[in-house]
Amino acid sequence: MSVRKKPIKKVTFRVNEMLVTIISIYILLVSLQMWLLFGTINKALDKENLDFATYSAIGSVIIFLCTLFFLRYVPDIPTGQNKKPEENNDNAY
């Protein structure tokens with residue numbers, strides 16, 4: 001008698017792919033934002049290249065808004081599991 005293993009759900013693989021993609025985009029955007037903020041602080045303290053400081057500050061704000069945009073998609077990833085309401089134990093004394 002052969003024993004069949006449970007098939008792996010395709011939904012789990014898709015969720016993992018989506019999460020890896022979103023986390024990779026986050027790492028890229030946050031590292032780019034930190035580089036721009038570092039450049040902004042250095043050039044603002046130098047007081048010679050203030051236009052570079054303003055452009056990099058604006059770019060950093062735009063990158064921050066992009067990370068917020070991607071953040072709203074994280075809870076909407078389908079897991080393929082039905083959410084069960086929590087059972088209240090009213091019988092407990």
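Side chains are part of it too, since the values below use all heavy atoms of this structure and drop only hydrogens, waters and symmetry mates. Everything numeric here is computed off the predicted structure, so don't read it as measured data.
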Undergrad: How is the hydrophobic cluster of Ile23 composed, in terms of its other members, when Ile, Leu, Val, Met, Phe, Trp and Tyr link through side-chain heavy atoms under 4.5 Å apart, directly or indirectly?
TA: Ile27
Undergrad: Out of curiosity, Trp35 CH2 to Ser56 OG, how far, rounded to the nearest 0.5 Å?
TA: 8.5 Å
Undergrad: Does atom OH of Tyr26 have more than 12 heavy-atom neighbours, drawn from other residues, nucleotides or ligands, at distances under 6.0 Å?
TA: yes
Undergrad: Do Val30 and Ile41 land in one hydrophobic cluster if side-chain heavy atoms of ILVMFWY residues count as linked below 4.5 Å?
TA: no
Undergrad: Provide the closest heavy-atom pair for Thr40 versus Ala57 in the form atom of the first, atom of the second, distance.
TA: OG1-N, 3.4 Å
Undergrad: Can you tell me if CZ on Phe52 sees more than 12 non-hydrogen neighbours from other groups inside 6.0 Å?
TA: yes
Undergrad: Check Leu68, Leu36, Leu37 against Ile63 for a side chain to side chain contact (heavy atoms under 4.5 Å, CB included) and give me the one that passes.
TA: Leu36
Undergrad: Closest approach of Ala53 and Ala44, non-hydrogen atoms and distance?
TA: CB-N, 4.0 Å
Undergrad: For residues Ile25 and Ile22: do they belong to one hydrophobic cluster (side chain heavy atoms under 4.5 Å, members Ile, Leu, Val, Met, Phe, Trp, Tyr)?
TA: yes
Undergrad: Residues sharing Ile58's hydrophobic cluster, by side-chain heavy-atom contacts under 4.5 Å among ILVMFWY, directly or via others?
TA: Ile62
Undergrad: Keeping Ser24 on the side-chain end and Val20 on the backbone end, is there a donor-acceptor pair under 3.5 Å?
TA: yes
